[in-house]
Structures are given as C-alpha cells and as structure tokens.
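Here is the structure we will look at, set down as structure tokens.
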Amino acid sequence: MSAHRPAAVVVLAAGEGTRMKSATPKVLHTISGRSLVGHVVAAASALEPEHLVVVVGHAREQVTAHLEGIDSRIRTAVQHEQNGTGHAVRVALETLPALTGTIVITAGDTPLLTDGTLTALVAAHEADGNAVTVLSAEVPDPIGYGRIVRAADGAVLAIVEQKDADDAQKAIREINSGVFAFDARLLADALDKVTTENAQGEEYLTDTLEILREAGHRVGAAIAADHREIAGINNRVQLAQARRTLNDRLLERAMLQGATIVDPASTWVDVTVEFEPDSVVLPNTQLYGATRIATGAEVGPNSTLTDTTVGPGARVSNTVADSAEIGEEATVGPFAYLRPGTRLGPKSKAGTYVEMKNATIGEGTKVPHLSYVGDATIGEHTNIGAASVFVNYDGETKHHTTVGSYCKTGSDNMFVAPVTVGDGAYTAAGSVITKDVPAGSLAVARGQQRNIEGWVARKRPGSAAAQAAEAARRGE
Ligand code: UD1
Ligand code: CA
C-alpha cells in the first residue's frame with residue numbers, strides 16, 4: 001500500500017445535504033457505529049496520505065469538532081459558500097503546499113468505499129500515467145449521478161451531470177462515483193479553467209476531465225468491481241440501504257472468520273464489534289461499540305449489547321447490556337439488564353429479571369431471579385436468594401455493599417448499604433439487612449410469625465374460607 005501513498009486525500013464534506021431533511025449535517029449521520037464522514041476518513045487514512053484534508057462548510061463547527069475527535073491530524077479547509085465540487089477542491093488546495101504525486105478526491109457521503117478500492121484506483125492511475133482517473137461504476141439505476149461519456153474506441157471523453165445530460169447521455173449506465181485520482185501538478189491549473197456554465201451554476205470538479213483531455217493529457221476511468229461500494233448518500237432511504245449493505249459486509253466477514261450468525265437479516269453490528277471463531281449470534285440481536293464475543297459464547301436471541309465483552313462459552317439470552325464484562329461460561333438472562341460497571345466472574349449467573357450496575361460478581365456466584373444488584377462486590381460461590389435488592393441509594397448518595405464467598409442469602413432480602421456480609425454467612429428470607437453480618441453467622445432481620453387460632457371462624461363466620469377451615473378441622 002505504501003508504494004502508492006498519495007500526497008493528499010481531500011474529502012468533500014461542505015454540503016448541507018438538504019435531501020436528508022435533518023437538523024444534523026448529512027456527513028454526521030451514522031451507519032454501523034460511525035459517521036458517514038468517519039467511514040470515508042477511515043478508508044482515506046488507510047492510504048497513509050501525507051495530508052488528509054476535509055472540506056467543511058455547512059455546520060462547520062460541528063463537523064470540525066467531530067473530525068478532531070476522530071484524529072487530530074485531519075486538517076479542515078473552510079468553504080464558506082458551496083459553489084460546487086470544483087470550488088471545494090480549490091479551497092482545499094489553498095491550504096496545502098505545492099504537491100507532487102497523486103491527490104485523491106473523495107466525497108464525505110460515500111461511506112461504503114473501501115481502502116482496497118481506493119488503493120486500486122491509485123495503482124491504476126499511476127500505472128497508466130494519467131492526469132486524472134475517475135473511479136466509475138456500472139449501476140442498475142444511474143439517475144442523479146454524473147455519466148461517463150466515452151468515445152467509440154472506449155476512451156473517456158467527459159463527465160456529464162444528470163441535469164446537463166441529453167437523452168442519449170442519460171441512458172449511459174457508467175457513472176461517476178465522485179472519487180478521483182489526480183496528478184497533483186495538473187489539478188490546480190485545470191481547476192482554474194472550470195467555469196460555472198451549467199444547469200446548477202456551480203464549478204464542477206467533473207469538468208476537469210474534459211479540460212485535461214483537451215490539453216493533451218491522459219484521462220481514464222477505473223471501474224469499481226462492486227458498484228454498491230460507491231453509493232452516495234443523499235437521503236434517508238439511501239442511508240438505510242447503505243446501513244444494510246455495510247451490515248451485510250460486516251456479518252459476512254464475521255462468518256468467514258468462524259462466527260455463526262443464525263439470522264443475518266435481524267442481526268446488526270457496528271464496525272468495531274469483534275467475534276472469535278465458534279461464537280454464535282441468535283436472531284434479533286444488536287451488537288454495538290467495542291463489543292467482543294469470545295469463542296464458544298452464544299448471544300441472543302433478542303439482545304442488545306453495547307461496549308460489552310462476552311467471555312468464552314458464556315450464554316447471554318434476551319439481555320440488554322452496556323459496558324459490562326461477562327466472564328467465561330457465565331450465564332445471563334433471559335431478561336437481564338446489565339448496566340455499566342457490571343463484571344461477572346467465570347461461571348457466574350445473572351438470571352431472569354435481574355438488573356446489575358457497578359457490581360463485581362465472583363466466580364460461580366449466582367443471582368438467579370428477580371433482583372437488583374447495584375454498587376456491590378460479591379465473592380465466589382455465593383447464592384443470592386430470589387427477589388433481593390441491594391439498597392444502594394439513600395436519596396442523596398450511593399453506598400457499597402460487600403457480600404463474601406460461600407454465602408447463602410435468603411429470598412426477599414434488602415441489603416441496606418453500606419453493609420458487609422462475611423464469608424460463609426447465611427441470611428433468613430425476608431430480612432432487611434442493615435447491620436454487618438459476621439462470617440459464618442445466620443442473620444435474621446424480620447418480624448416473628450404469630451398465628452391467631454380460629455380467627456376466620458370468629459371474624460368471617462359462614463364464609464367459604466370458614467367452611468374450608470371447618471372441613472379441614474373435621475378431617476374431611
Ligand atoms: C456529485 C458529482 C456526480 C457524481 C456524484 C456521486 C459533481 C459536479 N457531481 O454529484 O458526477 O455522480 O457526486 O455521488 O461533482 N460538496 C462540497 N462543496 C460544494 C458542493 C459539494 O463540499 O460546493 C460536497 C458535498 O458535501 C458532498 C460531495 O461534495 O459530500 C458531493 O456533492 P453532492 O451535492 O452530493 O453532489 P452530487 O449531486 O451527488
Ligand atoms: Ca452526493
């Protein structure tokens with residue numbers, strides 16, 4: 001790749017994207033966990049250009065701040081008025097020193113373009129000794145794109161925009177992707193000759209092809225192997241289509257790396273998600289951010305995991321998890337909610353209708369049913385009874401609860417933090433634990449049971465309950 005390191009990559013992202021009908025600038029809309037311009041910048045960065053410049057204009061503070069968050073080496077050039085793609089490139093060149101070699105131009109709204117295709121474009125451009133090489137594609141529906149006009153011998157003559165095309169040109173299915181490789185020394189001069197004499201009254205970058213050809217330079221087109229890669233996003237229908245295409249690509253890669261994706265149609269992943277071989281994803285599952293599924297782990301159905309790691313052999317079913325660590329062979333769900341800071345040890349369990357937050361659960365410890373565990377540390381091989389609540393909030397501050405190893409806590413316990421239960425301790429069902437429980441003791445913290453004999457016969461005479469009690473008394 002470094003053999004074809006371009007002198008610069010320029011990304012055009014100054015347009016408003018009115019067709020999105022959105023308060024968010026078009027290039028900041030996201031698919032698969034990354035903004036549109038973020039995808040383009042990622043592909044461009046892989047070429048290791050000397051300079052990476054993004055042309056910003058509409059909502060430029062927002063777009064610039066976003067780019068700084070991606071990589072501080074990205075430069076921006078401000079295009080105050082969007083006078084066309086040719087003008088945008090002119091603005092970018094003004095921020096750069098005089099360059100030699102290849103300059104790649106790409107658009108901020110073409111998120112599916114891969115670094116492999118960009119590399120191939122640069123290689124073809126340099127091998128052919130062209131002044132400009134446009135990345136083109138044969139598409140089923142060319143409407144809206146600029147058309148590649150070729151001579152009878154196949155030589156590229158010009159690019160004609162949709163709005164400037166005659167009927168014969170409109171029938172051409174080879175289109176301009178908006179991505180170009182230029183000889184850096186020829187680009188600036190060609191741009192100076194671009195006029196605004198066209199249907200949109202803009203400086204078209206695409207006019208440089210004809211200008212360079214007429215000046216006697218070689219111009220060419222490299223046809224993209226997969227036309228879906230060059231799809232430009234102008235509206236939300238295309239945004240959804242691009243998301244679908246990219247998701248399919250990401251899942252295909254995961255499957256080829258050994259992950260089983262049972263239903264690709266209902267599985268959604270971000271570009272940052274990682275799978276190990278023999279991981280399994282069941283239907284209707286969304287995996288976002290820095291989520292990682294280890295070998296032998298099974299996630300789904302109906303689960304949404306964000307920034308969550310799932311250890312080898314773990315099982316996660318019908319679960320929502322955010323910033324959680326699920327240990328080796330742990331089981332989660334069905335119907336669990338793991339919130340940030342949950343760390344489940346090996347072979348531990350967060351069962352049905354269990355919510356956890358900022359909780360460290362030791363190896364083999366189980367919280368099987370209907371419980372809330374917040375701000376807690378639980379040791380190893382402890383069992384927390386059904387319907388327990390770690391009462392961590394006094395209305396002002398959060399407090400921590402510590403439960404030791406090999407404990408058995410009863411059902412329906414409240415652990416009123418801050419409180420500590422020692423190793424090997426038991427607690428009785430229905431207890432409200434407000435004081436520390438020493439290791440090895442049984443804590444009982446509930447009212448004593450009192451039976452009032454004959455109460456029903458006295459207070460509810462003749463009722464069905466009274467009749468049943470009378471029958472029981474007679475041994476019937
Ligand atoms: C452009 C091409 C068209 C091509 C299509 C591919 C031109 C004249 N037309 O059309 O041949 O088939 O892309 O998707 O180049 N931009 C600026 N400043 C401007 C104008 C545009 O930065 O003054 C940016 C936009 O933000 C966008 C990109 O350039 O990221 C393309 O602009 P857009 O208006 O979407 O061009 P298309 O009509 O799609
Ligand atoms: Ca476009």
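Atoms within a ligand are numbered from 1 in the order they appear, just like the ligands themselves. All values below come from the heavy atoms of this structure, side chains included, with hydrogens, waters and symmetry mates left out. We count residues from 1, following the sequence as given. This one's a predicted model, so the numbers in the text were calculated from it and none came from an experiment.
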query = Any idea which atoms of ligand 1 are less than 4.0 Å away from a heavy-atom of G108?
reply = 30 (O)

task = May I ask you to check whether I159 has an N/O atom sitting below 3.5 Å from an N/O atom of ligand 1?
result = no

task = Could you name the option among H58, K26, Q162, R19 that has the heavy atom nearest to atom 38 (O) of ligand 1?
result = R19

Contacting atoms of ligand 1, where contact means under 4.0 angstrom from a heavy atom of G146 = 3 (C), 4 (C), 11 (O), 12 (O)

ask   = Which value, rounded to the nearest 0.5 Å, describes the distance between Y353 atom OH and S371 atom OG?
value = 13.5 Å

ask   = Taking distance alone, with no angle check, do E161 and ligand 1 share an N/O pair under 3.5 Å?
value = yes

query = Which atoms form the tightest heavy-atom contact between V55 and A92, and what is the distance?
reply = CG2-CB, 3.7 Å

task = Of the side chain and backbone of E202, name the one, both, or neither that has a heavy atom under 4.0 Å from an atom of ligand 1.
result = neither

inquiry  = Counting neighbours of CZ on R185 that are heavy atoms of other residues, nucleotides or ligands and sit closer than 6.0 Å, is the number greater than 12?
reply    = no

ask   = Does the ring of W268 carry R243 above it, NZ/CZ under 6.0 angstrom from centre and within 45° of its axis?
value = no

ask   = Heavy atom under 4.0 Å from ligand 1: found in Q79's side chain, backbone, both, or neither?
value = side chain

request  = Would you mind running through ligand 1 and noting each atom that sits below 4.0 Å from a heavy atom of T85?
outcome  = 7 (C), 8 (C), 15 (O), 20 (C), 21 (C), 29 (O)

P142, G86, G15: member with heavy atom nearest to atom 25 (C) of ligand 1 = G15

ask   = Looking at S177, which atoms of ligand 1 are within less than 4.0 Å of one of its heavy atoms?
value = 6 (C), 14 (O)

inquiry  = Taking side chain to side chain contact (heavy atoms under 4.5 Å, CB included) as the definition, give me every residue that meets it alongside K21, ordered by chain and number, with sequence neighbours left out.
reply    = none

message = Which residues pass the side chain to side chain contact (heavy atoms under 4.5 Å, CB included) test with S303, not counting sequence neighbours?
response = T285, V299, L305, T319

ask   = At a non-hydrogen distance cut-off of under 4.0 Å, which region of N234 contacts ligand 1 (side chain, backbone, both, or neither)?
value = side chain

query = Of all the atoms in ligand 1, which lie at a distance below 4.0 Å from a heavy atom belonging to N83?
reply = 23 (O)

key: Those atoms of ligand 1 less than 4.0 Å from some heavy atom in T206   = 7 (C), 8 (C), 11 (O), 15 (O)

task = Decide, yes or no, whether a salt bridge links E363 with K347 under the criterion of side-chain N to carboxylate O below 4.0 Å.
result = no

request  = In plain terms, say whether K357 and D375 are close enough for a salt bridge, that is, a side-chain N and a carboxylate O under 4.0 Å apart.
outcome  = yes

inquiry  = Do the side chains of R315 and E329 get close enough for a salt bridge, i.e. N-O under 4.0 angstrom?
reply    = no

query = Which atoms of ligand 1 have any heavy atom of A13 under 4.0 Å away?
reply = 22 (O), 26 (O)

Salt bridge flag under 4.0 Å for residues D189 and K193 = no

query = Is L12 in polar range of ligand 1, meaning some N or O pair under 3.5 Å apart?
reply = yes

task = Considering only NZ, NE, NH1 and NH2 on the basic side and carboxylate oxygens on the acidic side, decide whether R150 and E174 come within less than 4.0 Å.
result = yes

query = Charged N to carboxylate O below 4.0 Å: is that the case for E203 and R90?
reply = yes

query = Which atoms of ligand 1 have any heavy atom of A88 under 4.0 Å away?
reply = 17 (C), 18 (N), 22 (O)

message = Y204 versus ligand 1: do any nitrogen or oxygen atoms come within less than 3.5 Å of each other?
response = no

message = When you measure from the heavy atoms of H87 to every atom of ligand 1, does any distance fall below 4.0 Å?
response = no

inquiry  = Taking distance alone, with N or O pairs closer than 3.5 Å, would you say G144 contacts ligand 1?
reply    = no

